[in-house]
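One structure is given here, and the rest of the page talks about it.
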Amino acid sequence: MSDNRQSWLERDPNEERHKGSYDLDLIKASDAYQQRITQEDGAVKRKYAVCFGYLGDNYQGLQINPGAHTVEQEVERAAFLAGGIQECNFGYLHKIQFTRAARTDAGVHAVTQCCAMKLSANPNKKEVFIEQINRFLPDDIRALTMTRVSKGFNAKQHCTKRRYHYLLPTYTLLASSEMNDLLKTQFDLQGPVVNAGRQGGYVEENTRRSVGPAGLQNVYGQVKSHRSTSEQIATLRAALKSYEGTRAYHNFTTGKHPEDANAKRFIISFEAGEPFVDEGTGAEWVLLTVLGQSFLLNQIRKMVAMAVEVTRGAAQLSTIMDAFTNRKMDLPMAPALGLYLGELFFDGYNKKQRQQMENDLRLAKKRAQAKGMVWPPPAAPAAVPVTVPAAAVADDNTDHAGEDSAENPAKRAKLNPTTEGEAAAEGATSSSTVAAKPAAAVEKDDEGQCHEEIAWSSDPETLKLTQAFREGTIHQHIYQQDGKTLDFLYYFDYLRAYPHVYSEMTKPYGPPGGK
């Protein structure tokens, strides 16, 4: 038994529940608790990767934190009320081995967020459990699908790449001088007003430099009909491409030094699509897509902000390159409204599952033939599982040593960001159930013996759900909120009132740790 497993079993009886979880007594006193579901006899506690989509406006980020209203707080509550988490485990995320694939910040949305956890559910009725958990989730969070995973699966470690999107209104590409003139006109008409920009969250108290909501609404009416030029889109694409490769992003986050190894991030691609018009609002938009291994706090929003600054002539392309050097630069940060997590990749994990399944089937065939059995077993109807005889699968761990599993922390610790998705192999079993469906969906029944791949981006049914959530929920939400919250105009008015003169940012970073 591993040290981690032992620590879960020998938990301190005085240990308190996570302070970021809902108060269990309040849940029990709620009407929802009266409707709590008790899972049927066929339910077993196994680890699942659950795909969630959500709007981030009402939450202080994804990760559960004391004193904060978070997405995970709602997920844990809903899973408990749906019967997936037992009362003795509620508030103790380590007991259900909870992990997340990508932390999204406050206000950031997601289409395919992956939260892995041990849940009590019927493995043959996963769609039913998804419906049950959605009964107790707020309308702005939806569970879309779930996948059985191996007991050593870690959503963060096994996620090899992450794809984010930023939906950007093209009026943000207007020349900085033109946008500043429109904002300055409204400021002159309004006059200095204390805390005018407070609503947008970009200014401190008692300032008198910002345009208020009424003035910004007037500017929105003037700029939302803007249509981008081919030159603007070309400049934007060139700026985005400058991020590709491995670079030091210490200026694109907080608390990082140029010499910090974890300040470096590898960006595989950063692209801008073709501009399109939303018929509902009449505004033109362009979808930005960035693919990378991992990202730092606020990194993408600052990357987008600087690309827009270059496009509208407020900065040079060389300014972005300077930000990768030892210069200390105060970079602006684009609004959270347009950013959402679009896709997660588990390439190494999926490869391991395919290999393990192929090895099991090859071994089962060898054993069956040695015993004179028919192989493959006689065909059965698609809805009926075909059971491989236990005698055909030897109790042999040689081909499936769990050297990369959670039961071997020493091996798992050697994983690096580029190969962490390779760790998932588990021990062999004495029997296997092979369903009459594609190999990517085959799974075993014993705990930890799972051959089901996380194929949310290729499975037709899941793809329909995620595309519907992307287009019908997230995009429509951003279109509508743009004209209501005026986040982008609050942001540009902040840049007008507090100019960022990048050419004057020449102060170098001191030694690491301020020594």
Side-chain angles (χ1 to χ4, degrees), residues 52-59 71 104-113 138-142 144 163-174 179 182-183 199-202 211 213-229 232-233 236-237 240 270-290 300-301 303-305 307-308 311-312 333-343 463-494:
F52 290 97
Y54 52 84
L55 298 175
D57 299 56
N58 297 323
Y59 304 97
V71 174
T104 54
D105 303 328
V108 178
H109 324 296
V111 175
T112 55
Q113 177 64 265
D139 292 339
D140 52 7
I141 305 176
R142 292 291 88 184
L144 303 177
R163 175 175 284 139
Y164 282 83
H165 301 280
Y166 196 99
L167 198 53
L168 183 75
T170 59
Y171 66 74
T172 60
L173 306 180
L174 276 168
M179 178 65 80
L182 292 172
L183 294 167
Q199 182 176 330
Y202 288 99
V211 178
L216 293 181
Q217 194 66 58
N218 290 336
V219 175
Y220 179 74
Q222 299 176 63
V223 301
K224 77 171 185 177
S225 59
H226 171 74
R227 299 296 180 261
S228 59
T229 66
Q232 287 175 325
I233 298 301
L236 176 63
R237 286 171 174 160
L240 296 177
F270 205 159
E271 301 171 340
E274 292 298 324
F276 62 93
V277 176
D278 169 52
E279 296 182 358
T281 61
E284 185 184 60
W285 298 78
V286 61
L287 185 65
L288 312 183
T289 303
V290 58
I300 298 176
R301 291 168 62 186
M303 293 166 74
V304 170
V308 170
T311 305
R312 69 194 202 107
M333 183 168 65
L337 176 63
L339 180 61
Y340 66 91
L341 173 64
E343 188 176 0
L463 200 55
K464 287 180 183 178
L465 294 173
T466 55
Q467 287 179 340
F469 193 84
R470 181 198 311 273
E471 300 293 336
T473 301
I474 291 184
H475 282 200
Q476 291 301 320
H477 175 77
I478 295 173
Y479 298 150
Q480 297 301 320
Q481 290 298 105
D482 177 46
K484 293 179 180 178
T485 63
L486 304 171
D487 281 5
F488 288 99
L489 290 179
Y490 271 110
Y491 165 69
F492 281 117
D493 189 50
Y494 158 73

Hey, could you give me each pair passing side chain to side chain donor-acceptor pair (under 3.5 Å) that has a residue in residues 273-288? Not counting sequence neighbours. Thr170-Glu284, Ser228-Glu284, Arg237-Glu274, Asp278-Thr281
Applying side-chain contact (heavy atoms from CB on, under 4.5 Å), run through Ile141 and Phe52 and close with a yes or a no. CA-CA 7 Å; Ile141 305 176; Phe52 290 97; 4.3 Å; yes
Taking all atoms of both residues into account, what is the closest heavy-atom pair of [X] and [Y], and its distance?
X	Y	answer
Val286	Ala272	CG2-CB, 4.2 Å
Leu167	Pro169	O-CD, 3.9 Å
Val111	Phe469	CA-CD2, 4.4 Å
Leu287	Phe276	N-CE2, 4.3 Å
Tyr220	Leu486	CB-CD2, 3.9 Å
Leu240	Ala307	CD2-CB, 3.6 Å

Taking it one step at a time, do Phe488 and Val308 satisfy side-chain contact (heavy atoms from CB on, under 4.5 Å)? CA-CA 12 Å; Phe488 288 99; Val308 170; over 6 Å; no
[X] side, atom [atom1]; [Y] side, atom [atom2] - distance, nearest 0.5 Å:
X	Y	atom1	atom2	answer
Thr311	Ile233	OG1	CD1	8.0 Å
Leu183	Leu216	CG	CG	6.5 Å
Ile474	Asp140	CD1	CG	11.0 Å
Leu489	Gln222	CG	CD	10.0 Å

Given 3.5 Å as the limit, does a donor-acceptor pair link the side chain of Gln232 with the main chain of Leu173, or not? yes
Donor-acceptor check, side chain of Thr485 to backbone of Asp482, threshold 3.5 angstrom: yes or no? no
For [X], all residues meeting ring-ring contact (aromatic ring centres under 6.0 Å, His included), sequence neighbours excluded:
X	value
Phe270	Tyr243
Tyr494	Tyr202, Tyr498, His500
Tyr59	His69
His165	Tyr340

Full working for side-chain contact (heavy atoms from CB on, under 4.5 Å) between Leu174 and Arg312: CA-CA 6 Å; Leu174 276 168; Arg312 69 194 202 107; over 6 Å; no
side-chain hydrogen bond (donor to acceptor under 3.5 Å, both in side chains) with Arg142: which residues, sequence neighbours excluded? none
side-chain hydrogen bond (donor to acceptor under 3.5 Å, both in side chains) involving Thr473 - partner list, sequence neighbours excluded: none
Can you list the residues that meet the side-chain contact (heavy atoms from CB on, under 4.5 Å) rule with [X], with sequence neighbours excluded?
X	result
Asp57	Leu55, His109, Leu337, His477, Gln481
Thr104	Tyr54, Leu62, Val108, Gln113, Tyr164, Leu341
Ala305	Pro332, Ala334, Tyr491
Glu471	His475

Of all residues at least two apart in sequence or in a different chain, which pass the salt bridge (Lys or Arg N to Asp or Glu O under 4.0 Å) check with Arg470? none
